[in-house]
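To start, the structure under review is shown below, and the notes come after it.
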Amino acid sequence: MSSTTQYPFQNTSLPLEERVNDLVSRFTLEEKVGLMIQYQTAVERLGVKAYKHGTEAAHGMAWLGEATGYPQPIGLGCTWDTELMQRIGSAIGDEARGFYKKNPEIKGLTLWAPTVDMERDPRWGRTEEAYGEDPVLAGKLASALVKGMQGDHPKYMKAIATLKHFIANNNEVGRGDASVSIDPRNMREYYLKAFEIPFKEGGAQSMMTAYNAINGVPANLSPDVNAIVKQEWGMDGFVVSDAFDVSGTVRDHGYLETYKEAVARSVKEGGIDSITDDGELIKQSLREALEEGLLSESDLDVALRNTFRVRFRLGEFDPEEGNPYAAIDESVIMHPEHAKLSREAAGKAVVLLKNEGNILPLQADKLKKVAVIGPLGGTVYRDWYSGSLPYAVTPLQGIQDKLSSHGGETAFAGGTDRVKLKSKENGRYVQVRKEDQSSLAAAGEAADQAAIFEMTDWGWDSHTIIAEDNGLYLTTDDRILKASADQIWEWFTKEVFLVRPEGENAKQVTFSTWNDTPVTVNKDSGELLVGTGRAEETANEINVSGAASVAGGEEKISADIFEVETVTDKFATAKETAADADLAVVFVGNHPLINGKETIDRPDITLPASQEQLIKEVLSVNPNTIVVVVGSYPYALNWTDEHVPAIVYTTHAGQELGNAVADVLFGDVNPAGRLNMTWYKSTDQLPEFMDYDVIKGDRTYQYFQGDVLYPFGHGLSYSSFRYDGISLDTNIVSTDQDREVGITVRITNTGARAGEEVVQLYGHAEQSRVKRPLKQLHAFERVQLQPGESADVSFKLPLSELAIWDVTRERFCIESGSYMFMAGASSADLRVNTELKVEGEVIPPRDLKQPVKAINYDDYEGVLIGECHEGGSAVEVKEQSGWIVFQDAEFGEGVSSVTLRAAAQTAATAELRLQGPEGPVAGSVELESTGAQGWRDYTVTVEGVSGRQDVYIVLSGKASLSTIQFQ
């Protein structure tokens, strides 16, 4: 040990595990309690500083002040560019180090990103935060971001990436108390795969659990964290709970009765190493759990070794001179090179959806006047996980910059109404009060005393309103209305007002606030109130569900009616602006904090009706109309796609949004973004929102067989590319060892300009025991080619990528048979293919004479998966009845009985049927009402069960089934 070190953990020559174990062993029990929470307390006697787990970094450093911003993750997902993602991750890691240098106790290096949840449904409110509907695409992009964030030093890490949210978090409404039902095949082949890749390939050192329950068990108690993530995948970093989720095990799920049980089971069973919650509550609960033997000190030791192993890897306990990342300081924050990277990323994220007649790219020298129209044209919005933008280039500014050097000009119409409001209650116009320049009152007797308001219709009744008197948004403190907000950016979007017509008269409306509290007029002062204006509390605390009721015990009241006098009509203004221009560009989409965000799922996948009407009005006067969608999710653009010649999609891309859009519109950037999600024509093409079964529900491009608006992987270019062929390095392989297959695709740029093509490689199993994907992405690469240039794009595909989860033996297997590999420009544009024959396994017939878990069925109807308190999961009847089937079971000369392990909340029945759910009855039994977890064995005599059979178990009533076994 060096003379400068006092303890072994300070000795840099010792192995990491020895140092970690030594440090943890020196903490007192109370110190360990204080280190189990997000804000880890300092242990000054050992030189351990306070440390915070969790700094938001989804697309740039957030909530710490100005920082470089990049496109939302859905936009980064549309780049299909792993090399770019790694550079972005590195830049984010650099800025994280810069902020850490400023304040290491608060601005920690544990970054809560990336979000790798599978986006199986576009209605999810947080679609903006993840990378798409395919696990390979999402996993590879997340893995690249992780590598960049964490760095490539053999010993030290730049920052720590926290994958979130484990697992199956794809709904907001009910996320804090809902359980999602996922069978083993869906879990292994789809939901887990997206996480496995960034752990195994990216080396992610942290993970966050989800709010929801999975198969009846809250995610923070899921046994899969220990069994799969830590043991099977070998992740030796640490796991954090999501904010207030451990306490939510009691408060929201109602799964446990006490907080001491919640913390104990989260740590022991759920593998939680750091608890993000009310710190004092959690520390007291930990003490109680220790005192009562629910937790042992050794349980805390396991968790703390995981968190401190990572802190050692960050170099916290080593001299700075040996750690290359320790020298990164504040100068790296908003570095000019990062701004260039932001613009590059924003350009690469743009997807050209349609380009009829090659109206794009535009030629600036041939345009005298361009009309920029729409609510997304003149501004740049932040989402909840954005940092403060150092600057913001709007689309209007970006287009004007392209035109100005050629003498062209822009005309702008924001797609908003300018109105005056008159209270029907007192007949007076609404004013912005002069004494404080913000509060509103219906006090003006004449029209010229009325304030003018700019109203933006975001659809589904949601509006934002700006007072022209001071240029500020109307907002509320849950008592009165004020024109006092300079931006829309808080957890509760209090700048949203629900505007609803009163009866048949569209010019008479009512207003309600963000949480649907009616707006009224004070009879004496004319002041505009929220309800009665007597709320005793305001809703300003972040919570799991996002819903917030304003306390005060107010009586139920009705909203007052206001007459709307239109000063400027948005449609008339848009038409006037567009008619006088050579070309119109209409910007539509969403505000990132309205009608779809964390805690709020989308009401539909269409554009707001007023935005679609805006497109129609503009197109009616100018056929040279281009639509640019700036949005956080896919849209059903059916009318627009049918009628508008060119459509461009980008997400909210941060500071360089306007430049990136203009770069693509004018051809300075040749678009090569590709959709990371299927764009459906209607929600009618989607299963019920909470149905997480991708396979049976025919979800995502892998299984959906209908006609979509734009397929997964779609995106056009100003160049054209020819696929000249595809070849394998072998035509037949054996799966005796996990070997790789080489696949080469040759492409040629047949266009007149340089461009990028995203070569997409898909596979399909020609034969299988089970329902397999119609096509499945295996690999992709974004390739730059000059005009006339050809390239061979080579992929190395592990045979393990062809495996399915065999429920009959509870393991992965590669089936024997033919596999077709297809390559092309999208999942629906696959131009070349080749066949590989694999000598793998033939899944044998089922042996139901051994105990078989009910959840390992082959098909089902009317059931879901819940918890079995005896261990594992069970099949539960969803409503009144349901069935499961075990296909291709071998019974030989026959069996005489079957034992069912079942429970029932009410009297129920179980029938054994052959051939189909309505086939011949081979046996039946009445199930006693023993309660949801009152498990017992029922042995049923059966007849006619012999040879190879498909066996159906039909359940009626509130019944659950955990195992079956034939005798």
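The first residue in the sequence is number 1, and the count goes up from there.
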**Study point:** Test salt bridge (Lys or Arg N to Asp or Glu O under 4.0 Å) applied to Arg87 and Glu344, step by step
**Key:** CA-CA 11 Å; Arg87 286 191 284 131; Glu344 178 188 353; 2.7 Å; yes
Using atom types as modelled and distance alone, determine if a side-chain donor or acceptor of [X] lies under 3.5 Å from a backbone N or O of [Y].
X      : Y      : value
Lys354 : Pro645 : no
Glu66  : Met334 : no
Arg602 : Pro122 : yes
Arg746 : Ser790 : no
Ser719 : Arg753 : yes

Practice item. Check the surroundings of atom NZ in Lys340: do more than 12 heavy atoms from other residues, nucleotides or ligands lie under 6.0 Å from it? Key: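 Open: at most 12 neighbouring heavy atoms sit under 6.0 Å from NZ of Lys340.
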Point to revise | Residues, nucleotides or ligands: over 12 heavy atoms within 6.0 Å of Asp582 CG | key: yes
Looking at every heavy atom in both [X] and [Y], which two are closest together, and how far apart are they?
X      : Y      : answer
Gln760 : Leu777 : CB-CD1, 4.3 Å
Ala91  : Leu341 : CB-CD2, 3.9 Å
Pro375 : Thr456 : CB-CG2, 3.9 Å
Ala779 : Phe795 : CB-CD2, 3.5 Å
Ala754 : Asn749 : CA-ND2, 4.0 Å
Ala346 : Ala660 : CB-CB, 3.3 Å

Atom pair [atom1] ([X]) and [atom2] ([Y]), whose distance is rounded to the nearest 0.5 Å:
X      : Y      : atom1 : atom2 : answer
Ser386 : Gln655 : OG    : CD    : 10.5 Å
His165 : Met208 : NE2   : CE    : 5.5 Å
Asp641 : Glu356 : CG    : CD    : 9.0 Å
Ile399 : Phe666 : CD1   : CZ    : 6.0 Å
Glu642 : Leu709 : CD    : CG    : 11.0 Å
Asn659 : Arg343 : CG    : CZ    : 3.5 Å

Pairwise side-chain contact, [X] with [Y], heavy-atom cut-off 4.5 Å (strictly under):
X      : Y      : value
Thr127 : Pro634 : yes
Ile373 : Phe587 : no
Thr82  : Phe780 : yes
Lys775 : Met822 : yes
Ile197 : Pro135 : no
Trp460 : Ile594 : no
Leu137 : Phe712 : yes
Thr678 : Tyr710 : no

Point to revise | Residues Asp134, Met118; criterion side-chain contact (heavy atoms from CB on, under 4.5 Å); working and verdict | key: CA-CA 7 Å; Asp134 181 81; Met118 282 288 86; 5.8 Å; no
Practice item. Please step through salt bridge (Lys or Arg N to Asp or Glu O under 4.0 Å) for the pair Asp604 and Arg123, ending with a clear verdict. Key: CA-CA 7 Å; Asp604 204 338; Arg123 291 169 289 192; over 6 Å; no
Between [Y] and [X], does any NZ, NE, NH1 or NH2 come within less than 4.0 Å of an OD or OE carboxylate oxygen?
X      : Y      : answer
Lys164 : Glu56  : yes
Glu756 : Lys348 : yes
Glu781 : Lys140 : no

Point to revise | Lys147 vs Asp152, salt bridge (Lys or Arg N to Asp or Glu O under 4.0 Å): CA-CA, chis, key distance, verdict | key: CA-CA 7 Å; Lys147 289 178 182 178; Asp152 56 4; over 6 Å; no
Exercise for review: Examine the side chains of Gln400 and Thr410 and answer whether a donor and an acceptor come within less than 3.5 Å of each other.
Suggested key: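 Yes, because at least one side-chain N or O of Gln400 sits under 3.5 Å from a partner of the opposite role on Thr410.
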Practice item. Show your working on side chain to side chain donor-acceptor pair (under 3.5 Å) between Thr379 and Thr394 and close with a plain yes or no. Key: CA-CA 5 Å; Thr379 190; Thr394 67; over 6 Å; no
Check your understanding: Would you call the rings of Trp639 and His643 parallel, tilted or perpendicular, where under 30° means parallel and over 60° means perpendicular?
Key ->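 Taking His643 first and then Trp639, their aromatic rings lie parallel (interplane angle under 30°).
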Exercise for review: Return the orientation label for the Tyr649 and Trp679 ring planes: parallel under 30°, perpendicular over 60°, tilted otherwise.
Suggested key: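 Ring orientation, 0 to 90° scale: perpendicular.
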Validation: residues 67-74 side-chain donor-acceptor distances under 3.5 Å, sequence neighbours left out:
unit_1 : atom_1 : unit_2 : atom_2 : d
Thr68  : OG1    : Glu95  : OE2    : 2.5
Gln72  : OE1    : Ser632 : OG     : 3.4
Gln72  : OE1    : Thr651 : OG1    : 2.5
Gln72  : OE1    : His652 : N      : 3.3
Gln72  : NE2    : Glu128 : OE1    : 3.3
Gln72  : NE2    : Asp383 : OD2    : 2.9

Point to revise | Val644, Asn355, Leu362 screened by side-chain contact (heavy atoms from CB on, under 4.5 Å) with Ile626, the one that passes | key: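 Among Val644, Asn355, Leu362, the one that satisfies the side-chain contact (heavy atoms from CB on, under 4.5 Å) with Ile626 is Leu362.
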Review point. In this structure, which one of Gln776, Glu189, Arg120, His764 forms a side-chain contact (heavy atoms from CB on, under 4.5 Å) with Gln702?
Key: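 It is Gln776, the one option of Gln776, Glu189, Arg120, His764 that forms the side-chain contact (heavy atoms from CB on, under 4.5 Å) with Gln702.
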Exercise for review: Let me see the working for Trp384 and Trp63 under ring-ring contact (aromatic ring centres under 6.0 Å, His included), right down to the final yes or no.
Suggested key: CA-CA 9 Å; Trp384 179 242; Trp63 305 359; 5.2 Å; yes
Review point. Can Trp124 and Glu119 be said to form a side chain to side chain donor-acceptor pair (under 3.5 Å), step by step?
Key: CA-CA 8 Å; Trp124 184 35; Glu119 299 188 305; over 6 Å; no
Review point. Which salt bridge (charged side-chain N to carboxylate O under 4.0 Å, His left out) pairs, counting each pair once, include a residue from residues 671-683, with sequence neighbours left out?
Key: Arg674-Glu757, Lys681-Asp707
Revision key, fill the gap. Sorted by chain and number, sequence neighbours left out, side-chain hydrogen bond (donor to acceptor under 3.5 Å, both in side chains) with Thr683 holds for none
Exercise for review: Please assess Asp117 against Tyr191 for the test side chain to side chain donor-acceptor pair (under 3.5 Å), listing each intermediate value before the final yes or no.
Suggested key: CA-CA 8 Å; Asp117 294 305; Tyr191 294 102; over 6 Å; no
Exercise for review: Report the C-alpha distance between Glu129 and Arg126 in whole Å, list the side-chain angles of each, state the deciding distance to 0.1 Å, and finish with yes or no for salt bridge (Lys or Arg N to Asp or Glu O under 4.0 Å).
Suggested key: CA-CA 6 Å; Glu129 292 185 36; Arg126 297 178 77 173; 2.8 Å; yes
Practice item. Please name the residue in the list Tyr635, Tyr701, Phe704, Tyr633 that meets the ring pair (Phe, Tyr, Trp, His ring centres under 6.0 Å) test with Tyr680. Key: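 Of the listed residues Tyr635, Tyr701, Phe704, Tyr633, the ring pair (Phe, Tyr, Trp, His ring centres under 6.0 Å) partner of Tyr680 is Phe704.
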